[in-house]
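Data first, discussion second: the structure below is written as structure tokens.
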Amino acid sequence: MPEAAVEVDGLVKRYGATTAVDGVTFVAPTGSMLALLGPNGAGKTTTVEICEGFRRADAGTVRVLGLDPARAGRRLRPRVGVMLQSGGVYPGARSGEMLRLVAAYAAHPLDPAMLLDRLGLASSARTPYRRLSGGQQQRLSLAMAVVGRPELVFLDEPTAGLDPQARRATWELLSALRADGVTVVLTTHYMEEAERLADHVVIVDAGRVVASGTPAELTRGGADRQLRFRAPPALELDRLVLALPVGSHASEVAPGQYVVEGTIDPQLLATVTAWCAARGVLAEDLRVMQRSLEDVFLELTGRGLRS
């Protein structure tokens, strides 16, 4: 198996006058989990569909398990699992029957009964697909993508619509797959999911990569950490800012909600609490927080709604 399971270099895809993917480049090492993130219309689904061999690139190169997915689909199909958000299942087929059918096409499949049990679908094995809840259909699609023991699996929003218990079970299964050497490429709108699971994150917007790195690398940028606390609203912060180390900032982000940004150390913490004490103010819910992946995502792609 090649060292990189997926290699995308300068990928371009156009639809008429619209450039959906504009020079995207990233690598998913073998046995890792890569999260491809972006707002609606960013180009991530088109990128994944090209990697899966469903669309052809207009420029750039793509290698999946060392092969061109546009030309080597027959060779790649037994080695790659694909999870779709919808479709691919006969509406009248029972979930257990459908999973066993998919498993029958693989040389060394996982045990379908084990997968059904692990994903909480054992009691629904005899239920027709059309009668499954949305979350159950989602979990069945995941089971169908991995039952053939793929070397690489593409997952499109694997936990969309799932309740917390089902999402946790899905995360555990994905972590187990990675531990077994399976490469996972997923798209998700759950930033917590990407931050918790992914070894590497690629953020795309308007068809271009705007950031990439490990979750720790991406969240380390900007302010090292934040100190948050609650106090009476409209406190005068000028003297606090003067007392803080150079490069630190203080602001009231909402009435009575204060944030101090900078390198949070014992001296800065003592400065803030002393400033509060000098004004007879009790700093409530005092917390030291790091930036989350969601914070980074919103900073890079904006906070406006996308259609």
Side-chain angles (χ1 to χ4, degrees), residues 1-73 75-76 79-83 150-158 178 182-191 193-195 197-222 293-302 306:
M1 186 185 294
E3 186 173 324
V6 180
E7 297 176 271
V8 176
D9 186 13
L11 179 63
V12 175
K13 180 62 180 178
R14 302 182 184 90
Y15 298 104
T18 301
T19 302
V21 181
D22 190 4
V24 165
T25 296
F26 64 85
V27 173
T30 297
S32 69
M33 190 178 304
L34 180 142
L36 187 61
L37 310 179
N40 293 331
K44 58 186 185 297
T45 298
T46 298
T47 298
V48 170
E49 288 177 345
I50 292 171
C51 293
E52 294 167 343
F54 296 139
R55 298 185 186 274
R56 287 182 175 269
D58 293 318
T61 59
V62 176
R63 290 292 180 270
V64 174
L65 302 178
L67 302 172
D68 180 353
R71 300 176 180 273
R75 295 167 63 187
L76 284 173
R79 303 171 62 190
V80 177
V82 175
M83 177 187 176
E151 298 170 42
L152 165 67
V153 61
F154 291 98
L155 305 178
D156 189 7
E157 300 288 345
R178 178 178 54 188
V182 178
T183 307
V184 179
V185 176
L186 67 91
T187 63
T188 180
H189 283 107
Y190 289 109
M191 297 298 110
E193 182 167 88
E195 191 165 5
L197 296 179
D199 300 295
H200 196 82
V201 172
V202 176
I203 301 177
V204 296
D205 192 22
R208 298 181 179 182
V209 174
V210 295
S212 65
T214 67
E217 289 170 343
L218 292 176
T219 56
R220 193 181 302 139
L293 190 58
E294 181 171 336
D295 294 328
V296 176
F297 181 88
L298 292 173
E299 288 171 11
L300 292 171
T301 64
R306 305 288 181 97

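For the single chain, residues carry numbers from 1 onward in sequence order.
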Show the nearest heavy-atom pair for residues [X] and [Y], with the distance to one decimal.
X: Pro158; Y: Met83; result: CA-CE, 3.6 Å
X: Cys51; Y: Val64; result: O-CG2, 3.3 Å
X: Thr183; Y: Ala5; result: OG1-CB, 3.5 Å
X: Pro29; Y: Val27; result: CD-O, 3.5 Å
X: Ala194; Y: Leu293; result: CB-CD2, 3.8 Å
X: Thr188; Y: Met191; result: O-CE, 4.0 Å

With a 4.5 Å cut-off on side-chain heavy atoms, are [Y] and [X] touching?
X: Val62; Y: Leu11; value: yes
X: Phe26; Y: Val24; value: yes
X: Ser212; Y: Ile203; value: no
X: Leu186; Y: Met33; value: yes
X: Ile50; Y: Arg55; value: yes
X: Arg178; Y: Ser32; value: no
X: Thr187; Y: Leu36; value: yes
X: Asp68; Y: Arg63; value: yes

Is it the case that the side chain of [X] and the backbone of [Y] share a donor-acceptor pair, with hydrogens and angles ignored and the cut-off at 3.5 Å?
X: Lys13; Y: Arg56; value: yes
X: Thr214; Y: Asp199; value: no
X: Asp9; Y: Thr61; value: no

| After noting the C-alpha distance and the side-chain angles of Leu34 and Val6, does the key distance pass the side-chain contact (heavy atoms from CB on, under 4.5 Å) rule? | CA-CA 10 Å; Leu34 180 142; Val6 180; over 6 Å; no

| task | Enter the distance from His189:NE2 to Phe297:CZ here, rounded to the nearest 0.5 Å. | result | 6.5 Å

| field | Separation of Thr219 OG1 from Glu294 CD (nearest 0.5 Å) | value |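 These two atoms lie 13.0 Å from each other.
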
| Among Val210, Leu218, Asp295, the one residue meeting side-chain contact (heavy atoms from CB on, under 4.5 Å) with Leu300 |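 The passing option is Val210.
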
| request: Walk me through it: do Phe54 and Val48 pass the test side-chain contact (heavy atoms from CB on, under 4.5 Å)? | output: CA-CA 9 Å; Phe54 296 139; Val48 170; over 6 Å; no

| query | Does CZ belonging to Arg208 count more than 12 external heavy atoms closer than 6.0 Å? | reply | no

| field | Over 12 non-hydrogen atoms of neighbours within 6.0 angstrom of CD in Glu49 | value | yes

| Does one side chain, of Thr301 or Asp205, offer a donor that lies under 3.5 Å from an acceptor on the other? |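 No, no side-chain donor-acceptor contact under 3.5 Å.
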
| message | As a quick check of understanding, evaluate side-chain contact (heavy atoms from CB on, under 4.5 Å) for Glu151 and Leu65, giving each step before the final call. | response | CA-CA 8 Å; Glu151 298 170 42; Leu65 302 178; 4.0 Å; yes

| request: Quick one: do Glu217 and Val201 satisfy side-chain contact (heavy atoms from CB on, under 4.5 Å)? Show the steps, please. | output: CA-CA 10 Å; Glu217 289 170 343; Val201 172; over 6 Å; no

